[in-house]
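Side chains included, hydrogens not; waters and symmetry mates left out as well; all remaining heavy atoms used. Protein chains get the first letters and strands the later ones, always in sequence-line order, with residue 1 at the start of each.
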Protein chains: 2
Amino acid sequence: MQPVPEIGEGKRGESGYLGYLMRQAVAANRQATERALEDLGVTQPQFLVMTLIHAYPGSSGADLARAAMLTPQTMSVIVANLEKAGRLHRANDPANARRQRLELTEEGLDLLNQSRERVRALDRELAADLTAEQEQFLRKWLVQVAQRHDRAT
Amino acid sequence: MQPVPEIGEGKRGESGYLGYLMRQAVAANRQATERALEDLGVTQPQFLVMTLIHAYPGSSGADLARAAMLTPQTMSVIVANLEKAGRLHRANDPANARRQRLELTEEGLDLLNQSRERVRALDRELAADLTAEQEQFLRKWLVQVAQRHDRAT
DNA sequence: ACAATGATATCAGACTACTGATATAAGAGC
DNA sequence: GCTCTTATATCAGTAGTCTGATATCATTGT
């Protein structure tokens, strides 16, 4: 009663939907990432948001939501969890009473630096078996896929 | 204060983390898929599970969880929502009192057929600009990424 | 026959992620 | 000045996803 194929076989292999294969690969990569960050208590979305705040300090929640392709509501939850853990703090924006400037705390910056190394190592593995041409083709295709559907929104 | 790059620029373009670019592409594709299935009231995970049940009728929740690389608990939620919507029903397994055989209802099968066409159309777009060799390379790489991290579990 | 192990389903709690609705602040146009 | 639109933040509700814990059924080993 379990004729369910293994990864790499049947529809779960090279003959499956491209969309399914992408999701399968991303899911595997996400699990590997979360395992790597587990002992730091950092999730993948939290790592992404800390990275963004570090790159663009003083951004608002709305800014971060746009950058991460998430809704402001979703970002608000992630930011709240990071704040609860003492990894960022909110400051008033002198020019706009509605805006909240988000900045990493010392602890947040420290965690980000530790996390970044591990994530980078995982990322290098992804391209380990590729030639420079293959990697470039891949990157271009991934960006195109994101752009195509983004425009359609 | 919003120097946040557009998709395709800076870290969100070809120079970004491969893992990030993959996620960005998958997120865009998922949004396109959910928009295409919106009026049917079918989500992407629901479409996946209906497809699996159709391919392997009588599977248990645990079987489906393995096939979809999800935990049994997650699958239980999706199955419960599908059941609540009248798209599948549970039947007793004569050989195992614990197991529940999952099967699509008429309505579920009908929805699956409508959904499948739309998803297939989107999937063809993904490969539209690729040569046969490029597509084959891509498929192989995606499967490899999934397999690498799956083995490490 | 019985105990240990494994498989299945499910409860509880947490984090992401969405839509929809609401409230308030800023900016634009008149 | 006043309104209309836009931007921002947040509340409420739903769906998907995880880990951890429990309970029950099946199988295996002795």
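Side-chain to base pairing of A:R98 with C:dT24: one donor and one acceptor N or O lie within less than 3.5 Å of each other. Residue-to-nucleotide contacts include a donor-acceptor pair under 3.5 Å from the side chain of B:Q73 to the base of D:dG20.
Out of C:dA9, D:dC18, D:dG16, the shortest distance to the side chain of B:N81 is found at D:dG16.
Atom CG of residue A:L109 and atom CD of residue A:E103 lie 11.5 Å apart, to the nearest 0.5 angstrom. With rounding to the nearest 0.5 angstrom, the NZ atom of A:K140 is 13.0 Å from the CG atom of B:L21. Note that the CG atom of A:D63 and the CZ atom of A:R101 stand 10.5 Å from one another [nearest 0.5 Å].
Taking the screw axis at each terminus of the helix from C:dA1-D:dT30 to C:dC30-D:dG1 from five consecutive base pairs, the angle between the two is 10° to within rounding of 10 degrees.
Here C:dA9 presents its P atom at 11 Å from CG of B:N92, a figure rounded to the nearest Å. Residue A:Q44 contributes atom CD, which lies 8 Å from atom P of C:dA17 at whole-angstrom precision. Between B:I78 atom CD1 and D:dT14 atom C1' there is a gap of 14 Å when expressed in whole angstrom units. B:Q46 places its CD atom 19 Å from the P atom of C:dA17, with the value rounded to the nearest Å. Here C:dC15 presents its C1' atom at 13 Å from CZ of A:R87, a figure rounded to the nearest Å. A:R30 places its CZ atom 11 Å from the C1' atom of C:dA17, with the value rounded to the nearest Å. Look at CZ on A:R99: it is 23 Å from P on C:dA23, rounded to the nearest Å. Separating the CD atom of B:E83 from the P atom of D:dA15 is a distance of 14 Å, rounded to the nearest angstrom.
Each of B:E38 and B:P72 has a nearest nucleotide on DNA chain C; the 5'-most of these lies closest to B:P72. Taking the nucleotide of DNA chain D with the nearest heavy atom to each of A:A62 and B:T43, the more 5' of the two is matched to A:A62.
Contact annotation: A:Q31 reaches the phosphate of D:dC18 (side-chain N/O to OP1 or OP2, under 4.0 Å). Residue B:R90 places at least one side-chain N or O closer than 4.0 Å to OP1 or OP2 of C:dT10. OP1 or OP2 of D:dA9 lies within a sub-4.0 Å distance of a side-chain N or O belonging to A:S60. At D:dT14, none of the side-chain N or O atoms of B:K84 fall inside 4.0 Å of OP1 or OP2 (strictly under the cut-off). The shortest distance between the side-chain N/O atoms of B:T71 and the OP1/OP2 oxygens of D:dT19 is not below 4.0 Å. Side-chain nitrogen and oxygen atoms of A:R66 include at least one within less than 4.0 Å of the OP1 or OP2 phosphate oxygen of D:dT8.
No path of Ile, Leu, Val, Met, Phe, Trp and Tyr side chains, each step under 4.5 Å between heavy atoms, connects A:V77 with A:F47, placing them in separate hydrophobic clusters.
Residue-level contact check: B:T74 touches the bases, meaning some heavy atom is under 4.0 Å from a base atom.
Side chains of A:Q114 and A:D110: a donor-acceptor N/O pair is present below 3.5 angstrom, by distance only.
With respect to B:E135 and B:R139, a salt bridge is recorded, a charged nitrogen being found less than 4.0 Å from a carboxylate O. With salt bridges taken as basic N to acidic carboxylate O contacts below 4.0 Å, one links B:R118 and B:D39. A:D123 and A:R120 are not joined by a salt bridge, as no carboxylate oxygen comes within less than 4.0 angstrom of a charged side-chain nitrogen.
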